[in-house]
Structure formats: structure tokens, C-alpha cells
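Data first, discussion second: the structure below is written as C-alpha cells.
Order of the sequence lines sets the chain letters (A, B, ...), proteins ahead of strands, with each chain counted from 1.
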Amino acid sequence: MNCQVDVLFFSLLRDLVGEERVALRFASPISGAELLDRLEVAYPRMAAYRPVTRLAVNLEYVDLDTLLSDGDEVALITPVSGG
Amino acid sequence: MSKKQSWCLLQDTPLSIEEALAFLQTPAAGGIDLFVGTTRQWTRGEETLRLEYEAYEPMALKEMERLAEAACARWPVERVCLLHRLGVVPISEASVLIGVATPHRADAFAACRFLIDQLKLTVPIWKREVYADGRTEWVQGGVSNSSE
């Protein structure tokens, strides 16, 4: 089963990746943690932010073991600094 | 929980304290607490020229609305607003307005403190410092309860 997700980058991760949004396709469903693993292969410098990166799926924070579904919008959220 | 009036907003233009206050004023309130976060020029000896904010806008609004609901569930809130400016915010200007109206002042202070502290932890908004020496730096907050 094909699974395609849109991955959104903000702030320093967007600067690091050089893109705001990347569409990724997988042969089978993967977890949030596996998504981060694969992104780190493509963008090795992202690994430094792994310990502080949270994931949001379709506008809600989720645990890293959450399985991603086809069509999900996944955002990588580094420590926020509003206010 | 009875339905309360809340107002959450992200905007690129200057925030209006007068508009926030007009929204918060209600006969049921005996106290209004309004927190105004502003751009500070000096931090640990470094001069800031301006701050630049960006947000994951749909999620930021959703989180702000969730926080407003949480405050209404915990305190007797009559009115609550969370307004955040995006883009460039010059020195001294407001980046955030958090307002709470309650029957008595202690609840207004407590709810307002809760809202600004939580906003800084969970709402996906980021700021970049633009320093006088030309450097820029994304601020990574949200990892502690510090009162910066």
C-alpha cells in the first residue's frame, strides 16, 4: 500500500532543509520516528535537533510511534519561541 | 463548561491594545489582566534590531484556541483573547497580547500567567533575532519554564 505524506519544515529546520514542504512516498505505512530516521539520511544535519523535535500530524501533536497515514500533513516542530 | 467568549488571532500588522481591551470589557468582570509581550532591545549585552516571527498558522490558531478553552475550564473566565503578531516586530512594539477578564482579579492574573507560559511552550510560533551586528538567530524556547 502506497503512503504519501506532506512534511512541513519551519524556522531553523526550514533553513537547514531549504524547503518549506516536501512530499514523501512510502511503500508501507511508517511511524513518525521512522520518518525522522529517513529525513536524517537525506538531511544529516537534522539529527542534531532530533532530541528536541516534536511531530504534529494534521495540526495535533503526536507521539513518535504514531503510524502515519496516506495524505497526512506532518510538521516538524522544534522548540517554539512565540511571545 | 458554559460557553465563554474567546478571541484568537494571528496578524501581520500592529496589535491594538484598545481593541483587545474593548473586547475584554464586560459587566460581569471585576478585573481584566492584559499581558503585552514586546521586543526587547538588549539581551545579555547583545543589541537586537528587530524580531521576526513566523508560525505554522492553522496549528498555532488551533493551539491558541485550545489554551483559551483550558483557561475557561479552570478559571471563571468571562472573556479571553490571545493575539499574536507575525513578521517583523520592531523594538518596543507588541508581539503578543494575552487578555483575561474574570469577576475577581486573582483569577485574571492566574489565567493570564497560565496562557502566556503555555503559549511559549506549545503554540508553533518561532522568532528570529536580528542583531545590530548583522547576525540572525532562531530562538529555541519552549524547553523550560523560564520567564524570559
Proximity breakdown for A:Tyr49 and chain B, heavy-atom pairs closer than 4.5 Å = side chain
According to a 4.5 Å side-chain heavy-atom criterion applied to Ile, Leu, Val, Met, Phe, Trp and Tyr, with indirect links allowed, do [X] and [Y] form part of one hydrophobic cluster?
| X | Y | result |
| --- | --- | --- |
| A:Leu8 | A:Val22 | yes |
| B:Leu86 | B:Leu67 | yes |
| B:Phe114 | B:Trp7 | no |
| B:Val139 | A:Leu76 | no |
| B:Phe109 | B:Leu21 | no |

Least distance between heavy atoms, B:Gly141 atom then A:Pro79 atom = O-CB, 2.5 Å
Test item: [X] side-chain N/O and [Y] main-chain N/O as donor-acceptor pair under 3.5 Å:
| X | Y | answer |
| --- | --- | --- |
| B:His84 | A:Gly82 | no |
| B:Lys120 | A:Gly83 | no |
| A:Ser81 | B:Gln140 | no |

Using 30° and 60° as the class limits, which term best fits the ring planes of B:Tyr56 and A:Phe10: parallel, tilted or perpendicular?
-> tilted
With only heavy atoms counted, which part of [X] is less than 4.5 Å from chain A, the side chain, the backbone, both or neither?
| X | answer |
| --- | --- |
| B:Glu63 | side chain |
| B:Val123 | backbone |
| B:Lys127 | both |

Of all residues at least two apart in sequence or in a different chain, which pass the salt bridge (Lys or Arg N to Asp or Glu O under 4.0 Å) check with B:Arg128?
-> A:Asp15, B:Glu52
Answer key: most heavy-atom pairs under 4.5 Å with chain B among A:Leu59, A:Thr78, A:Asn58 is A:Leu59
Out of curiosity, [X] [atom1] to [Y] [atom2], how far, rounded to the nearest 0.5 Å?
| X | Y | atom1 | atom2 | value |
| --- | --- | --- | --- | --- |
| B:Trp138 | A:Ser11 | CH2 | OG | 4.5 Å |
| A:Glu60 | B:Lys62 | CD | NZ | 4.0 Å |
| A:Leu12 | B:Glu137 | CG | CD | 10.0 Å |

Assess whether side-chain contact (heavy atoms from CB on, under 4.5 Å) is satisfied between B:Trp126 and A:Leu13, documenting all intermediate values.
-> CA-CA 11 Å; B:Trp126 296 267; A:Leu13 288 184; over 6 Å; no
Using a cut-off of under 4.5 Å on heavy-atom pairs, state which of B:Ile116, B:Thr122, B:Leu119 scores highest against chain A.
-> B:Thr122
Do any of residues 89-98 of chain B have a heavy atom less than 4.5 Å from a heavy atom of chain A, and if so, which, in residue order?
-> B:Ser95, B:Val96
Answer yes or no: does atom CZ of B:Arg105 have more than 12 heavy-atom neighbours from other residues, nucleotides or ligands under 6.0 Å?
-> no
